[in-house]
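Below is one structure, written out as structure tokens, with a few remarks after it.
All chains are named by letter (A, B, ...) in the order of the sequence lines, taking the proteins before the strands, and each is independently numbered beginning at 1. On a predicted model such as this, the values are computed, not experimentally measured, just so you know.
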Number of protein chains: 2
Amino acid sequence: MTPATGPSRSHTATLSDVARLAGVSIATASKALNGRSQVRAETRQRVIEAAERLSFRPNQLARGLIAGRTGTVGLLTSDLEGRFSIPILMGAEDAFGAGEVAVFLCDARGDAIREQHHVRALLGRRVDGLIVVGSRTDPRPSLGRELPVPVVYAYAPSDDPADLSIVPDNVDAGRISVEHLLACGRTRIAHITGDHGYLAARERAEGALAALEAAGLHLVGVPRFGSWSEGWGRTATAMLLEQHPDVDAVLCGSDQIARGVIEVLRERGHRVPDDVAVMGFDNWQVLTSGSRPLLTSVDMNLEQVGRTAAQALFGAIGGAARSGVEALPCRLAIRGSTAPLS
Amino acid sequence: MTPATGPSRSHTATLSDVARLAGVSIATASKALNGRSQVRAETRQRVIEAAERLSFRPNQLARGLIAGRTGTVGLLTSDLEGRFSIPILMGAEDAFGAGEVAVFLCDARGDAIREQHHVRALLGRRVDGLIVVGSRTDPRPSLGRELPVPVVYAYAPSDDPADLSIVPDNVDAGRISVEHLLACGRTRIAHITGDHGYLAARERAEGALAALEAAGLHLVGVPRFGSWSEGWGRTATAMLLEQHPDVDAVLCGSDQIARGVIEVLRERGHRVPDDVAVMGFDNWQVLTSGSRPLLTSVDMNLEQVGRTAAQALFGAIGGAARSGVEALPCRLAIRGSTAPLS
DNA sequence: CTGTTAGCGCATTCAA
DNA sequence: TTGAATGCGCTAACAG
């Protein structure tokens, strides 16, 4: 292999290579490529051409060293497999990706030690900020106030009110769900939902109950807490029909539960939505679109949560600090399982 | 704000701060912290304490500048929402995360332009390598041979045989599926699968047919290509039962299809698995565990694909280049929907 | 064992 | 308009 002198050198081109090829100093090359106005047009052109010939890519490490800002942020998630983290992550990636910032992804696997390890590693890489994505809406321990960069919590709020957290509004979600069922002419509404240990389950139930009360109605039975699974949806529905065969709507805590509910309703001869309307939660497409009829559900706008968190972080990096828990509205995805009573 | 001189300065501590506090030179501080042996134990101790008092984190940018390696890799995905990318990404993150390397996540949204943009940005940040994750197993355009860093393709292979690609072995997956059904005593096996435009669908069918032939059997009817949905599973099953009411097993191209198949089988009075065994594909937990009975499925070991890709990239960064398409075996997740004929 | 010097790649003074 | 010099934070070569 004869050492070539041209662009074929394996060594990635550096600014000094560009400068030499263009016959100018490093400083001038830098100015030319960065659009500084103190360069003759002809010179600038020569530099730009040289840079292209060498496929020159400015070394962001060097830039970061000088600027003190790296244009990178850390995205700390606790469960990649979880279906909540992903849309949030997409929203954040989306809000950043358009611009100049790159995202470090770290999955702590729900382990506090590993999380701390990742935080240290990210700080070592001089990220400009952190987004912490949780897998459930229960408050989580703050990373602390001592960090040298801003932090925004998404989905799972920090337990420190001095931190900024972006979460979906689950209480309101319960409310709008019930209001939709009422608008469909339903009045005997039951609620089958997930694990009572989840704040999300309790909040949605709370919102639903409040909306019923506001309408002068009561829930059919009590909220049935269980697990977030199809199996629980089936079990709970069997119990429900036994006690309240006249139910005309079931509000579910998840799409999985709703699928189980629909299955048993149909088996027992109840038509959906003619006899009983069913609503899911999460708007998980694989479940809503496979359902017969298509499943009405609540969408938590998680991508929006991610985008908002990213924008807030951006603001905080710029010095505009917010704090507290900001709850974003959910929206209905209305489909066949909740047609109006005719 | 009076300018403090101690550790309370907002400026992140630097090696020179540590050196000053410990009363040594910068070089000595560096050696002490990096475990170089040419430092007196007592001095080292003093430096370490100083570093801790200042919460010193070595600036990886500066290190990267010197070393020429940054300890970062780019993970280029085309569809974050896709259920295939995530496990692969987890596996890769896993294989890296244990060590010293951080992962840049980029979602090109299936857009070649955006992908190119991300590649440039990542190279600017001097990543040590790239993993390109596709959303289907059809070959995709190579990023080219001119890149200054190694690239490994995962799930979707590169169309350039000089590149290294890690993919699941779909042909073999079809084979072991049929062999499992045969082992369950089934002989009248049908195949309902997804879009014929997907290589994955064609390869799985190919493997299944080969295994049947090897056993001296034929498929019941022809492979029924359609879409990857529950709806297609229902439709196809209705047609299948019409033509071949004696079928005793249905091999499905996805878990969604399988769910639709089971639903219609039961509606028509066929018991699963007593009369008809059903197998899914993907081992997507939300679908397999909600199914009644629990759904046997093929797991593509995607995390393993991700891990292998990461390890291969690691090797390539170290100079050990492989190439070609490496197919990793799939495995069966056997559950109630495929019990043996009694 | 410790400190001085040089330089990674770049942007930014300041002179020329 | 251009270029030489300085330094971002750190490591690695040397000299003491």
- Item | Residue L15(B), side-chain heavy atoms: nucleotide from dA11(C), dT4(C), dT11(D) that is nearest | dT11(D)
- Return the nearest nucleotide to the side chain of A62(A); candidates are dG9(D), dG9(C), dT4(C). dG9(C)
d([atom1], [X]; [atom2], [N]) in whole Å:
X: D17(A); N: dC8(C); atom1: CG; atom2: P; result: 11 Å
X: Q45(A); N: dT2(D); atom1: CD; atom2: P; result: 13 Å
X: I66(B); N: dT11(D); atom1: CD1; atom2: P; result: 6 Å
X: R46(A); N: dT1(D); atom1: CZ; atom2: C1'; result: 12 Å
X: L65(A); N: dT11(D); atom1: CG; atom2: P; result: 12 Å
X: L33(B); N: dG9(D); atom1: CG; atom2: C1'; result: 13 Å
X: K31(B); N: dG3(C); atom1: NZ; atom2: P; result: 9 Å
X: I26(B); N: dG3(C); atom1: CD1; atom2: C1'; result: 11 Å

May I ask you to evaluate whether [X] reaches the phosphate of [N], defined as a side-chain N or O under 4.0 Å from OP1 or OP2?
X: T28(A); N: dG3(D); value: yes
X: T14(A); N: dC10(C); value: yes
X: S30(B); N: dT11(D); value: yes

[atom1]/[X] to [atom2]/[Y] distance, rounded to the nearest 0.5 angstrom?
X: M300(A); Y: T137(A); atom1: CE; atom2: OG1; value: 8.0 Å
X: R125(B); Y: F104(A); atom1: CZ; atom2: CZ; value: 8.0 Å
X: R36(A); Y: R44(A); atom1: CZ; atom2: CZ; value: 10.0 Å

- What parts of residues 34-44 of chain A reach DNA chain C, counting only heavy atoms under 4.0 Å away?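 Under 4.0 Å from DNA chain C: N34(A), R36(A).
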- Query: Is there a side-chain contact between P58(B) and R63(B), using heavy atoms and a 4.5 Å cut-off?
  - Reply: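 Of all side-chain heavy-atom pairs linking R63(B) with P58(B), at least one is under 4.5 Å.
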Using side-chain hydrogen bond (donor to acceptor under 3.5 Å, both in side chains) as the criterion, list what pairs up with [X], not counting sequence neighbours.
X: D138(B); value: R136(B)
X: R40(A); value: none
X: R140(B); value: E115(B)

- Pairs in or reaching into residues 114-164 of chain B: which pass ring pair (Phe, Tyr, Trp, His ring centres under 6.0 Å), with residues at least two apart or in two chains?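 Applying ring pair (Phe, Tyr, Trp, His ring centres under 6.0 Å) to every pair that reaches into residues 114-164 of chain B, excluding sequence neighbours, yields F84(B)-Y155(B).
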- Message: For a quick check of understanding: with a heavy-atom distance under 4.0 Å over all strands, which category does L61(A) fall into, base, sugar-phosphate or nothing?
- Response: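 Nothing: the residue L61(A), judged by heavy atoms under 4.0 Å, touches no strand.
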- Taking T308(B) for the side chain and Q304(B) for the main chain, is one N or O donor matched with an acceptor at less than 3.5 Å? yes
- Is a side-chain N or O of S135(A) found less than 3.5 angstrom from the main chain of D79(A), in a donor-acceptor match?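 It does not hold such a pair.
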- Query: Could you give the angle between the helix axes at the two ends of the helix from dC1(C)-dG16(D) to dA16(C)-dT1(D), with five pairs per end, rounded to 10 degrees?
  - Reply: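 Here the helix ends are tilted 50° relative to one another.
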- Item | Residue met sooner reading DNA chain C from 5', once R63(A) and A27(B) are mapped to nucleotides | A27(B)
